[in-house]
Amino acid sequence: MSAITASPASTGPPPAAAPRRHLPFHGDALSRLGLLLLIGFLLVAVFGAWLPLGDPEAVNAGPRLAAPSGRLWAGTDSLGRSVLPRLVEGIRTTFLLAGTAVMVTAAVSVLLGMMAAYYRGLVAELITRGADVLFAFPALLLAILLAAIVGPGAPGALISIVLICSPLMVRVVRAASLSVVDRDFVVAARVGGAGPGRILLVHLLPNIAGPAVVQATYALSVGMLLESGLSFLGLGLQPPSASLGSLVHEGAVYLPIAPWLVLIPGTLLTLAIMAVNLVGDGLRDALDVRGVEVRR
Amino acid sequence: MSVLDHGPVDPAPVEPGRPPVVSARDVVVAYRTGHGRRAEQVHALKGVSLDIMPGQTLGVVGESGSGKTTLGRVLLGLVRPTSGQVLFDGLPVTGRGTARRLRGRLQVVLQNPDWSLNPTLHVWRSVAEPLAVTGRTARRARREAVADMLVLVGLDPALADRHPHQLSGGQRQRVAIARAMITRPDLIVFDEAVTALDVSVQTQVLNLIRDLQAERGFAALFISHDIAAVRYVSHGLAVTYHGQIVESGPVERFYDRAEHPYTRRLIGAMPTITKPTSTMQTTRPVSRREKDDLP
Amino acid sequence: MAPSGGLRYFAGRLVTGAVTLWVVSVLVFSAVHLVPGGYPDIVLGPASSPQVREALRAEFGLDRPLVLQYLEWVRHVLTGDLGTSLGTGEPVSAQLMRRLPVTAELAGLSLALTVLAGVPLALLAGLSRGRFGRGLSRLVGSSAMSVPDFVLGSLLVFLFSRFSLGLPVGGYVPLAEDPVANLRSMALPALTLSVFGLALVVRTGRDAVAATFSSPHIAAALARGERIGQVTRHHVLRNAAIPVLTVLATYAGYLMGGAVIVENLFSLPGVAQAVLNAINGRDYATVQGLVLVAAAVFIAINLLADFAYGVVDPRIRAGHRG
Amino acid sequence: MSAETGSAAPVLAATDLVIEYSTRNGPIRSLDQATLTVGSGQIVALVGESGSGKSTLGMATGRLLASNAVYAGGLLSVAGRPVYGPGAQGGEGLRALRREVLAFVFQNPVAALNPTMRIRRQMELAGPAGREARDGSSAAEALGEVGLTDVPRVLRSYPHELSGGMAQRVGIAMALRRRPRLLIADEPTAAVDATLRAQILNLLVSQCRDQGCALLLLTHDLHAVAQHTEQIAVMYGGRMVEHGPTAEVLGRPMHPYTRALVAALPGEERPGRRLEAIGGVPPVLHAGCPGCAFAPRCPDALPNCRDVRPADAAVAGRTLTCHLHPGEIGDPSAAPNDAGRPRATEAGRRHLDKEQEAAR
Amino acid sequence: AAGGGSPAKGPSGAQLVWGKSADADVLDPPAAGNATSWELLDLTYENLVGLDDGLKVVPELATSWDQISPTEYLFHLRKGVKFANGRELTADDVVGSLQRLIDPATASIWAGQLGIASVGADGDTRVRVKLLKPKTPFVAALAGSPAAVLPMKELKAGTFDPKKQLLGTGPFKAVAHSQGESWTFERNPYHWRTGVPAVDKLTVRIMPDDAARAAALRDGSVDFTTFEVPDSIRLLEGQANVKTVVQSTTDYYRVDVNATSSIFRDDRLREALALSIDREKIKNVALGGVGRASAAVPPAFAGVCDPATVPFGKPDAQRARQLVAAAGATGKTVEISTISLVPMSSPIAQVIQQNLQDAGLRVRIAALDIGAVMKRAYSGKDADFDLVVSWSAGYADPAMDLAWYDPELVGFNKGFVKPDPRLHSLILDGLATEPGDRRTKLFRDACERIAQNANIIPVVTKDAIVAYRSDTTSVSILPVEGYALPLRQLAEFEAK
Ligand SMILES: Nc1ncnc2c1ncn2[C@@H]1O[C@H](COP(=O)(O)OP(=O)(O)OP(=O)(O)O)[C@@H](O)[C@H]1O
Ligand SMILES: Nc1ncnc2c1ncn2[C@@H]1O[C@H](COP(=O)(O)OP(=O)(O)OP(=O)(O)O)[C@@H](O)[C@H]1O
Ligand SMILES: [Mg+2]
Ligand SMILES: [Mg+2]
């Protein structure tokens with residue numbers, strides 16, 4: 001659950017590539033599979049709420065702990081709620097939460113990472129050391145401490161994901177930026193009088209976008225893992241809201257008599273994370289972000 | 001290209017009363033390397049003085065590590081001299097308020113054609129960027145200025161909408177030159193601007209630089225380790241060795257009258273292709289001792 | 001270049017580690033004290049009167065300024081005293097000694113599984129030329145990496161308890177008591193915890209091997225007519241080990257997080273479980289002590305990994321960045 | 001091994017070799033019927049602009065091309081053993097060829113050494129198999145021969161602890177330890193300091209001379225070539241355009257490309273004189289070139305240059321491939337385009353034209 | 001560790017394994033505030049009195065007692081009682097223990113429950129206790145674990161540290177302890193009841209996870225355990241050799257309403273809330289059918305208070321909706337806080353959420369851990385919450401229950417309960433009144449008043465679930481329990 005995925009870090013901007021008019025991930029069946037899956041999940045996440053599946057929070061919609069059947073496709077939970085709409089909601093919240101967290105992570109880390117590369121000296125030192133310290137915190141323990149401080153629930157999970165995913169991403173962005181800041185075009189821009197804002201925005205940002213996007217994709221999968229791990233420990237989303245992780249958590253007690261309560265959301269969660277990972281791999285290959293490890 | 005003068009470069013007559021565009025006085029640059037006990041200083045420049053007159057190109061040659069790049073950076077204000085002074089138009093190039101004053105008046109063209117342009121920007125955006133920085137040209141007028149500039153450096157204005165990866169190395173270097181010239185700067189530093197180019201393309205670009213200078217009259221610092229190339233574009237020449245200028249003067253003297261032994265060796269190491277030296281003796285390895293004996 | 005270059009590299013890493021640990025201590029301390037509600041609230045329960053709670057706060061010195069409490073704590077930690085549990089008065093170190101073996105064994109077994117199975121698999125995957133082989137290794141790797149440990153663990157618990165497959169799904173038998181039963185009780189937890197690491201190692205190792213194979217010195221070796229086996233032995237293994245080491249060090253952090261879940265799932269009385277309980281019980285001393293130790297261990301592992309890179313890759317020792 | 005030196009077969013013989021790289025954007029033809037012969041012990045330079053196919057030819061001799069390279073015709077043999085074409089062997093035979101006949105020196109000397117292994121061990125691994133292999137002294141000797149002074153220290157060092165020049169010397173020592181018959185040096189001085197270049201080239205040439213090893217020097221540094229090699233082959237668009245004694249070819253270039261190249265080279269102009277650059281850029285071929293690849297840039301192009309391939313012809317003691325110099329014997333218009341040669345497709349031609357337009 | 005030293009050889013006799021959900025967090029009885037500690041303390045410590053199966057006070061260390069005046073009691077101590085170290089119990093031990101309990105420095109939550117003014121020995125075998133004011137449930141309160149009798153001689157001599165060790169006159173003595181992991185108890189050879197305990201060794205395994213305890217019970221690695229989650233019964237259904245017993249308790253789940261600083265200041269909204277709470281639905285959906293609807297005096301004290309007849313006792317969704325609309329609160333958002341330490345608070349909250357939403361409010365649920373709840377709800381200062389689903393300990397006397405409703409008597413609810421002088425006097429009267437019809441009437445009135453105020457709303461009893469291996473264990477479980485000790489009779493459990 002820690003912010004691993006160290007391999008897909010990178011240096012260097014995507015090299016000059018001819019414009020591609022192919023389908024995405026040309027010749028990469030697995031990544032395509034991942035993309036399809038991901039699109040499927042996202043469709044469910046976005047449009048699932050409009051499907052006539054019933055209210056995910058309505059208790060007593062059926063007998064308690066009923067097995068999947070023709071009427072209740074995914075069975076019911078311990079409050080007699082239909083699980084199917086809860087799964088749909090779970091997919092939505094899992095993606096929403098992890099996605100939001102990753103967007104925040106990306107925004108923060110890209111800015112910090114670029115600054116750490118552009119400004120040498122104290123600023124860089126502070127940023128990199130800060131990242132190191134965060135990195136030295138065992139991830140889930142950090143999340144648990146945080147959940148204790150801000151209380152279990154989405155905000156805590158969100159902050160945890162950001163704090164846990166940021167250090168690695170800062171490093172990746174910094175490494176990528178470092179290889180860009182000394183390039184001739186940046187020096188030329190500085191000589192021409194361009195200020196830091198322009199250099200970061202116009203010259204660094206687009207050139208580190210590749211590694212940043214790839215890393216963000218991996219961060220998304222880590223975020224989903226973290227969110228679900230926290231939820232599993234009861235520190236993430238609180239019922240009746242559902243995320244895939246909290247559904248597993250809710251169902252865990254009933255594993256012996258109602259295994260579907262765990263197995264269905266568990267499988268969906270695995271598939272969702274896998275889809276994200278596969279797409280990340282595909283992006284990494286497509287953007288040719290080399291797997292250079294980022295070291296402290 | 002028709003606008004350009006195809007004739008030989010005439011060393012622009014130095015008007016007596018005109019001050020130099022940029023002048024360096026006893027510039028010392030020391031880099032700190034290493035940390036803690038291992039910290040030491042590398043003197044990249046050890047008291048260098050020079051003037052560059054308007055419309056003149058000063059060529060700088062020297063072996064790797066002799067301080068050429070550092071010299072260029074110091075003149076551009078990218079590196080603060082450890083001691084000594086760099087004056088641009090009579091005022092220091094580093095310090096408060098210089099950024100605004102110098103905006104658009106200094107430009108640089110660097111070595112690596114792969115890295116000379118931001119790969120994510122269209123050519124015209126790259127070329128127009130210095131205009132955007134100075135903010136003196138209206139947004140709408142920029143594109144036109146870019147098109148003119150591209151024509152001036154011998155490129156089809158239609159290339160303006162391409163990305164750098166769709167250009168050849170020579171084309172990219174031309175674009176970089178266009179970018180450097182668009183603000184009509186007073187000084188352009190060329191640091192190994194043609195080193196990475198193929199022979200044929202290299203000469204194209206060298207010719208371009210000569211022609212443009214004759215037309216636009218900017219002052220230039222042309223840095224290369226290839227004395228042939230430097231000699232070809234410069235009015236005056238300075239030879240750096242171990243952070244110092246060991247010999248300088250008008251370019252003609254570097255064809256046959258070079259005095260300093262190091263300079264002579266530089267010229268000697270450049271064999272003429274029509275009269276291949278039959279033995280290897282002329283370039284016998286320089287022993288360590290001998291190297292150290294040089295000033 | 002001088003031998004002291006290596007020493008200096010190691011010393012530098014040590015200092016960095018120490019500074020990091022100090023910052024972590026400040027963070028843990030403040031985090032723990034930022035948690036709303038305090039130990040007295042927990043112990044006395046909702047029905048206690050505020051006066052009684054204040055009295056208890058005073059008894060444990062929780063009413064003093066935080067800075068003082070922190071300094072006191074650090075002073076104790078520096079003398080090797082991690083403090084005593086507020087509730088039971090048991091020294092945190094004693095609790096640690098009791099629980100560490102469980103977590104250490106869990107982590108050790110997982111790591112062993114990860115390395116023993118992961119490295120050969122990584123090599124196999126890295127060396128396999130075929131499209132199919134690579135695709136398969138990637139699919140297996142991705143899916144292994146994507147199964148959350150608690151999903152896998154729950155599945156194992158379900159299968160093994162429902163169908164009595166012969167391995168216990170909970171409880172811990174100390175190694176000293178009955179080694180066989182101990183191993184049996186640790187098998188499923190360690191397996192659960194190792195799957196992610198295994199996938200990680202395979203994936204990283206595979207990429208590293210492939211990347212090393214495409215580096216110029218391998219081309220040079222092949223150009224000298226060396227056999228692929230020789231080249232692998234002489235030039236690939238060591239070079240590809242570096243990213244794997246990095247990832248193994250990071251995996252240590254994962255192990256600690258994963259341990260929380262696995263210990264919870266399989267009812268193992270390990271450190272992670274203790275931290276969770278202590279946080280819930282606002283047992284400050286225990287939380288601080290245990291988290292600090294966890295961070296120290298993690299930092300130490302990363303230091304070890306750093307040293308290992310230094311050993312494996314002379315460039316790093318000399319301060320070059322690969 | 002040097003006993004074989006006298007054998008009749010040239011150490012390198014390439015005839016109409018065609019190599020393509022398959023890429024996402026279609027094939028790239030990097031050798032378009034390249035023909036080159038290197039005799040035993042000859043010191044030959046192969047010059048040409050970037051992308052002209054030098055490295056491809058160089059690496060092809062050891063069948064060491066990138067995995068996306070496709071052999072598309074022609075012959076290549078090394079010391080009489082076929083490498084591409086009928087009878088070409090792979091596996092152990094190929095490795096034996098690499099071990100016994102060939103040696104390579106690469107552009108980036110540091111990268112060509114294993115960064116995690118001391119030089120001594122690398123020298124041992126690269127040395128001749130058998131008895132002397134473990135013998136450190138022979139490694140030291142080899143390093144001494146290439147002019148390294150502090151040999152024990154070098155042996156102890158890791159590659160990153162050496163300067164570029166030192167590393168290249170180590171590379172040369174490694175290459176020559178097995179007494180190869182053909183050494184291929186691909187821009188061996190591109191990564192070293194200008195003042196060291198001459199030393200390194202000197203070393204290479206003298207070592208090869210001493211050992212009777214043929215040297216194929218791939219470079220675009222005409223200055224270096226002029227001084228050090230006996231033979232020069234000028235490559236353009238994946239093809240040899242002019243091949244002959246160096247002094248002859250550079251002193252009196254006959255192919256318009258060679259001529260333009262020499263004329264564009266700064267160094268011999270008089271102060272203030274202007275050099276004439278070649279306009280345009282070299283092509284990237286996607287299929288066989290229908291005519292002369294240089295035609296679009298050629299100031300003297302004849303009407304048929306663009307779509308009739310010139311044939312190799314012996315002219316003034318050299319081999320020329322140009323319609324302007326059809327050769328002392330034979331009719332220029334008869335030579336090209338015999339049925340066996342691959343013909344350019346329409347698409348390829350169109351692409352080529354576009355490329356060249358873009359270059360303007 | 002408690003008991004100190006390594007486990008004694010131990011008699012090779014019968015033994016049992018108890019799967020317990022949580023370890024004690026405090027070992028010193030007067031300071032122990034949680035039932036999870038009490039359960040363990042009860043194995044080693046004893047009190048002057050105990051409880052029987054009808055929640056009636058019965059002799060324990062005291063064989064009998066006299067109420068000399070409304071505020072004065074005289075206890076006659078049992079003879080021949082010895083601590084687990086073999087020393088005989090003296091009146092000084094009892095006196096010292098009670099004095100220690102009321103000493104403010106001990107900070108015992110039980111001091112208020114007892115209301116003792118002074119304690120003194122009256123000879124070797126009698127103890128005299130004076131109260132601050134008359135308190136009918138005084139003797140019942142003495143049965144609570146915090147009022148345990150400690151070996152004061154050893155404590156004063158410093159050879160016994162009650163914070164770290166257990167040493168009492170109870171049936172077991174602790175021989176080994178790993179915090180959060182396990183306890184080992186052995187028979188106290190000096191225990192005064194013959195044949196008690198029925199086993200020689202008791203191992204307590206701390207297993208926080210319900211599923212893990214259920215699994216351990218299934219595979220026989222524990223002999224008995226308790227559950228708070230009623231569905232555990234279902235989890236174990238059909239499992240050969242595993243039996244479950246539901247034990248009534250005086251504990252009940254309740255909803256705390258912030259009547260001082262939330263929108264529930266408005267009486268109409270509290271009424272609407274009370275009318276939305278459907279106790280039957282909560283019982284059936286959230287609690288798997290376990291428990292009984294409860295009012296302020298739980299049904300275990302039969303005949304005092306019928307939840308169906310108290311004001312707003314019957315759910316009325318329509319009226320609730322009208323009230324919400326009348327208060328202009330339709331569409332407003334309220335938050336139900338659940339307590340992570342109380343597993344069932346979440347499902348209960350979710351059912352209430354549904355009902356409240358039907359009444360026109362929007363409802364969020366937030367889980368708070370106990371520390372956060374203490375801070376936001378029970379600090380006695382300004383409350384910062386809307387609703388909390390919590391539970392009340394009913395203990396052994398209705399007067400003790402009712403005290404929870406009076407902010408004058410208990411500080412924790414000052415922050416959110418609106419003072420009600422009428423209720424206050426009813427409760428005070430109830431505390432001082434002798435058992436009898438008048439007392440029952442007082443309780444009933446209080447009960448109705450509480451329902452009317454809808455400031456703390458009792459919901460459903462929180463029954464205990466005991467599960468055991470019928471093939472290895474024979475258990476005796478009281479039908480009703482008051483001090484949250486479902487295994488009060490543990491010493492009599494036999495191993496088969
Ligand atoms: N940022 C830096 N930090 C430390 N030392 C530096 C730095 N930049 C340059 N140096 C050192 O200063 C000296 C001069 O370097 P400089 O780059 O100016 O040489 P150069 O003549 O441009 O060389 P080259 O031909 O290789 O580009 C060298 O010894 C170099 O190692
Ligand atoms: N692995 C490859 N995949 C695709 N195209 C390639 C590959 N290697 C070389 N090429 C292309 O083949 C052509 C010939 O390349 P080659 O490297 O042989 O040229 P070169 O003469 O050695 O150039 P340089 O002087 O730049 O080294 C070029 O157009 C190049 O882009
Ligand atoms: Mg330089
Ligand atoms: Mg090449």
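Computed from a prediction, not measured in an experiment: that's the story for all the values here. Values below: every heavy atom of this structure, side chains too, minus hydrogens, waters and symmetry copies. The sequence lines fix the lettering, A, B, ..., with proteins before strands; numbering per chain opens at 1.
Using a 4.5 Å cut-off on side-chain heavy atoms (C-beta onward), C:T114 and C:L200 make no contact. Taking the side chain as every heavy atom from C-beta outward, C:V291 and C:V275 approach each other to under 4.5 Å. A heavy-atom distance below 4.5 Å is not found between the side chains of A:L247 and A:L261.
With a threshold of 4.5 angstrom between heavy atoms, A:L278 approaches chain C through its backbone and through its side chain. Contact of A:S31 with chain C is made through backbone and side chain together, with heavy-atom distances under 4.5 Å. Within the 4.5 angstrom heavy-atom criterion, only side-chain atoms of C:V287, from C-beta onward, approach chain A. Contact annotation for C:L152: neither backbone nor side-chain heavy atoms come within less than 4.5 Å of a heavy atom of chain A. Proximity to chain C (any heavy atom under 4.5 Å) is shown, for A:L255, by both the backbone and the side chain. Contacts of C:V147 with chain A are made by both backbone and side-chain atoms, with heavy-atom separations under 4.5 Å.
A:T94 places no side-chain N or O within 3.5 Å of a backbone atom of A:I91 that could act as its donor or acceptor partner. Between the side chain of C:R99 and the backbone N or O of C:G270 there is at least one donor-acceptor pair closer than 3.5 Å.
The closest side-chain donor-acceptor pair between C:E263 and C:T103 falls under 3.5 angstrom.
Ranking A:L271, A:L269, A:L33, A:V262 against chain C, the residue ahead of the rest is A:L269, based on heavy-atom pairs under 4.5 Å.
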